[in-house]
Every structure is written in C-alpha cells, then in structure tokens.
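Structure record follows, encoded as structure tokens.
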Amino acid sequence: MNHPNLRRRTALLAGAALITTALVAPPGSAAPTAPPPAAEATSMALPTFAPGRYVVTLADKPLATYQGGVSGLKATKPAKGRKVDVNSTDSQR
C-alpha cells in the first residue's frame, strides 16, 4: 500500500538532510601535507604562504578564449556550442 504523501515526505527529508549537511560541513580546503625530508626541501626551495584565500590572476587569456596570434600556437577557442578539447596537442603546450 502506497501512502499518498510518502514520496513528498521522503523528498522533503532527503532535501533537509542535504541542506543541513551543506550548512554544517566546513568549506572545502586542502589539508597541508607533511613537509618533505630536509634533503628534498633544500633542492626544491619553494616559497611558503600563510593559509588563507587568494585571488589568482592569469598572465594571459584562458585556454577557452585563445583565438591564435602567437607563432606556432593554433587557436584553442572552441566553435560556438562546442567544448574546449583540453587533451589536444595545442591545448597541452
């Protein structure tokens, strides 16, 4: 026997659980990894940054908008309605 409001109640409970999880869960963040051994650390010489949020600005236009113009690099901007082929040879350069 199927209760008329069973689907509605199930959907509401599932939605409430998802919303609660989204509100309670911490925002996504990468956990810092263990530092490399001393021998590797000196050869890598990477800068250190304080934990936080950063705005990254690209030096050039993104792959999806590149229309060509640099000798030896073909345009990677897809045709209207198409997606960028990130696996193409020109995209990997």
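Computed from heavy atoms alone, side chains included, the values below leave out hydrogens, waters and symmetry copies. Keep in mind the model is a prediction, meaning the values are calculated, not measured.
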Would you compute the distance between atom [atom1] of [X] and atom [atom2] of [Y] and round it to the nearest 0.5 angstrom?
X     : Y     : atom1 : atom2 : result
Leu63 : Ser88 : CG    : OG    : 7.0 Å
Thr65 : Leu58 : OG1   : CG    : 9.0 Å
Thr76 : Asp90 : OG1   : CG    : 7.5 Å

Does [X] use its side chain to pair, donor to acceptor, with the backbone of [Y] at less than 3.5 Å?
X     : Y     : value
Gln67 : Lys77 : no
Tyr54 : Phe49 : no
Thr20 : Ala16 : yes

Minimal non-hydrogen separation, Ala64 against Pro78, with atom names: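 The answer is O-CD, 3.6 Å.
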**Nearest non-hydrogen partners of Val86 and Ser91, listed with the distance** =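 Between these two residues, the closest heavy atoms are O-CB, 3.7 Å.
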